[in-house]
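Ligands are counted one by one from 1 in listed order, and the atoms in each one are counted from 1 as well. Note that this is a predicted model, so its numbers are computed, not measured.
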Amino acid sequence: MVFVKTHDINELTSDLIGSQVVLGGWVEDFRRLGKMSFITLRDVTGISQVIIRGELNSDSDGINRQSVVSIKGVVQETKARDFAFEIKAEKIEVLGKAVHPLPVDPIGRVKSNIDTRLNHRALDMRNQRTSSIFKLRHYVLQSLRNALAEKKFIEITTPKIIGSASEGGASLFSLEYFGKTAYLAQSPQLYKEQMTIGLERVFEISNFYRAENSHTGRHLSEFTSVDIEAAFMDYNDVMDVLESLVMDVCRFTSEDCKAEQEAIGHAIEIPKSPFKRVTYSQCVDELKSADEKLEFGDDLLDSHLRIIGKNHPGFFFLTDWPMKLKPFYIREKEEDPELSRSFDLQYGYLELSSGGTRLHNPDTLKARLKEQGLDPAQFQDHLKTFDWGMPPHSGWGMGLDRLMTTLIGIDNVREVVLYPRDPDRLKP
Ligand code: AMO
């Protein structure tokens with residue numbers, strides 16, 4: 001029994017030369033050369049070379065690639081180019097044998113398509129590119145949480161099983177809930193607005209659910225949303241918060257995640273700040289001059305956004321959408337009530353976030369619900385909080401999975417989600 005790990009591979013230093021250590025990891029390569037054998041051992045932190053002289057113990061016979069092993073040995077200097085040190089093995093124990101051949105080659109020498117990799121995701125995670133994507137995702141979350149806490153936002157967790165639609169009726173998954181119908185939350189919209197009453201500035205990072213039958217590289221049935229809501233802020237203020245977070249994430253990952261960028265083969269760019277703010281009306285003019293047939297008030301189709309995205313590459317805000325295209329909770333511009341205090345954050349054609357200033361007057365909110373064909377009685381639990389001293393507030397929701405794809409320069413959200421859910425994928 002040697003499997004109590006004393007060190008991760010990246011903890012081996014010259015101070016340890018001559019000392020006994022116990023490492024644990026996976027056999028990336030195993031070669032016999034006469035009476036010597038060499039193991040390339042990988043753990044989550046790096047790779048090391050292990051040297052076995054002669055037949056060490058019966059277990060070393062059974063070693064094959066990708067099995068998990070525990071190795072007790074002494075750290076020594078090495079002549080091998082790719083390693084800082086090597087371990088002279090004293091005892092090896094195979095803790096879990098890997099079958100041969102494996103359904104996915106973790107080294108990536110044999111390429112697998114994305115469906116095969118997703119069907120064997122845990123094994124795919126031993127691939128350096130894949131694991132680096134998820135390490136980056138971890139650092140992005142860490143950076144977002146730190147930046148929001150610094151801006152005095154309080155993290156909340158809202159329910160995901162809800163009794164009525166959070167944003168109106170569309171795209172809801174329903175489920176049976178002790179004899180009643182419940183739904184999976186599409187967003188924390190109503191709860192996050194309500195929380196501004198007591199906490200002023202809140203954020204949530206959670207999974208939400210959309211029953212959209214979309215088959216694209218940017219839509220999932222279950223996605224991770226980063227949401228904020230802030231009392232006493234206007235939509236311009238929350239755009240500033242969003243821009244500052246995106247800048248922080250890009251700077252932090254670009255500077256501190258060099259190994260991950262190298263493994264992915266993509267250098268994270270630090271965008272130019274401030275991000276451009278382009279109004280919806282300006283986009284309509286740009287589309288008309290590109291001979292697109294559309295009028296003020298029409299929604300922007302994917303084909304339109306591709307043109308706008310070419311005109312404005314990288315991050316930019318698309319602001320001041322017509323009121324009629326926006327959900328019931330968005331507030332109008334007093335100086336031009338056909339327009340809303342709203343925005344999307346775009347990365348070229350891709351929508352990363354949308355948000356705006358909210359209505360906080362309960363009478364106007366009730367009237368707007370009716371205008372949009374929604375029944376205020378269905379929103380009673382929400383509306384009653386507006387009589388308890390609701391502050392003016394604004395917020396946004398950002399798709400974390402989409403943000404990840406822009407950072408690492410790929411166009412399929414499935415690459416950055418552990419076990420993606422889409423209309424064709426419910427397992428594993
Ligand atoms: P919206 O519906 O625009 O706004 O969603 C916000 C952001 O969430 C991401 N997103 C998705 N990502 C992957 N797959 C999906 N099916 C999917 N749907 C949405 C997008 C999108 O920009 N309550 C408002 C936000 C607010 O005003 O605070 C909302 O949910 O990146």
Tell me the contacting part of [X] for ligand 1: side chain, backbone, both, or neither, using a 4.0 Å heavy-atom threshold, strictly below.
{"X": "Asp344", "answer": "neither"}
{"X": "Arg421", "answer": "neither"}
{"X": "Phe208", "answer": "neither"}
{"X": "Glu212", "answer": "side chain"}

Per-atom contacts of ligand 1 with [X], taking only distances under 4.0 Å to non-hydrogen atoms:
{"X": "Leu220", "result": "13 (C), 14 (N), 15 (C), 16 (N)"}
{"X": "Gly355", "result": "27 (O)"}
{"X": "Trp396", "result": "26 (C), 28 (O)"}
{"X": "Arg358", "result": "26 (C), 27 (O), 28 (O)"}

Mark yes when over 12 heavy atoms from residues, nucleotides or ligands other than [X] sit less than 6.0 Å from its [atom1]; otherwise mark no.
{"X": "Glu338", "atom1": "CD", "answer": "no"}
{"X": "Lys310", "atom1": "NZ", "answer": "no"}
{"X": "Glu262", "atom1": "CD", "answer": "no"}

Looking only at the side chains, is there a donor atom on one of Arg414 and Asn412 sitting less than 3.5 Å from an acceptor on the other? yes
Residue among Phe343, Phe317, Trp321 satisfying ring-ring contact (aromatic ring centres under 6.0 Å, His included) with Tyr280: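 Going through Phe343, Phe317, Trp321 one by one, the ring-ring contact (aromatic ring centres under 6.0 Å, His included) with Tyr280 is satisfied by Trp321 alone.
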Identify the protein heavy atom lying closest to atom 8 (O) of ligand 1, giving its residue, its atom name and the separation to 0.1 Å. Phe223 CE1, 3.4 Å
Any idea which protein heavy atom is nearest atom 20 (C) of ligand 1, and the distance to it?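 For atom 20 (C) of ligand 1, the nearest protein heavy atom comes out as Arg402 NH1, 3.5 Å.
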Closest candidate by heavy atom, reference atom 5 (O) of ligand 1, pool Lys192, Gln186, Arg210: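 Selected option, by shortest heavy-atom distance: Arg210.
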Selection from Pro420, Ser353, Ser354 by shortest heavy-atom distance to atom 4 (O) of ligand 1: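 Nearest heavy atom to atom 4 (O) of ligand 1 lies in Ser354.
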Which of Glu286, Gln282, Gln346 passes side chain to side chain donor-acceptor pair (under 3.5 Å) with His312? Answer is Glu286
Less than 6.0 angstrom from the centroid, inside 45 degrees of the normal: does Arg368 satisfy that with respect to the ring of Phe328?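 Relative to the ring axis of Phe328, which defines the angle, Arg368 lies outside at least one limit.
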In terms of side-chain geometry, is the basic nitrogen of Asp401 or Arg137 positioned less than 4.0 Å from the acidic oxygen of its partner? yes
